[in-house]
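Below: one structure, written as structure tokens.
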Amino acid sequence: MMRKIFLIGFMGSGKSTFGKKLAKTMHLPFIDLDKEIEKKAKCSVSDIFKYLGEDTFRKMESETLKSFEQEQSYVMATGGGTPCYFDNLEYIHSQGISIYIELDSKSIYNRLSNAKNIRPTIKGKKEDELMKFIEETFDKRKHIYEQANFKVNGLNVDVKKVMELLKF
Ligand code: S3P
């Protein structure tokens, strides 16, 4: 049986951390989309943004997302922007199911302000600029994230509960 699970949500919502746990419990391979893009490009996401620009990154992101078509099953942590570009969300739903890891902008802000320099979209932003960026970007993306098949609270995501949700 084909079983592909895509975790979507804003930067800092915990997609990778939770994805690893979920994959381990379900005995499925775990794929971190940002890491796969970096492997393919032999370059960090930060440098792709810096030297090739966001448009090129978005194309690479979409291509990499679709490069696992032959795999039967996996859990994938997507990037915060992944479902928002091209036909990526449609593609995700043609392949499997999506789970939105929802977190409020204040919690996202707290998490990102500790780790902002590794993320190109927020690099070098001052505290007030960071909050403004999160709120504005979140406003634009929320309606896309909300189209996920399932939604879980990012403050206390529980592997067992999610597995019940998925009837696994
Ligand atoms: C991005 C999120 C990042 C990464 C890139 C762009 C975004 O992924 O893909 O920096 O536009 O929200 P994470 O959500 O894993 O940080």
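We count ligands from 1, going down the list as the structure has it; atoms in each ligand are counted the same way.
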Can you name the atoms of ligand 1, numbered from 1 with element, that are less than 4.0 Å from a heavy atom of [X]?
{"X": "Pro120", "value": "10 (O)"}
{"X": "Gly79", "value": "8 (O), 9 (O), 14 (O)"}
{"X": "Arg119", "value": "16 (O)"}
{"X": "Val45", "value": "5 (C), 10 (O)"}
{"X": "Arg141", "value": "7 (C), 11 (O), 12 (O)"}
{"X": "Phe57", "value": "9 (O)"}
{"X": "Gly81", "value": "7 (C), 11 (O), 12 (O)"}

Check: Val152 main-chain N/O paired with Glu102 side-chain donor or acceptor under 3.5 Å: no
Should [X] and [Y] count as an ion pair when the cut-off is N to O under 4.0 Å?
{"X": "Lys39", "Y": "Glu36", "result": "yes"}
{"X": "Lys132", "Y": "Glu136", "result": "yes"}
{"X": "Arg58", "Y": "Glu54", "result": "yes"}

Does ligand 1 have any atom sitting under 4.0 Å from a heavy atom of Arg58? yes
Could you identify the single nearest non-hydrogen protein atom to atom 15 (O) of ligand 1 and state the distance to 0.1 Å? Asp34 OD2, 3.0 Å
Determine, for Phe68 and Lys4, whether the Lys NZ or Arg CZ falls below 6.0 Å from the six-membered ring centre while staying within 45 degrees of the axis. no
Among all residues two or more places apart in sequence or in another chain, which pass the ring-ring contact (aromatic ring centres under 6.0 Å, His included) test with Tyr85? none
Quick check on Glu90: does its CD atom have over 12 non-hydrogen neighbours (other residues, nucleotides or ligands) under 6.0 Å away? no
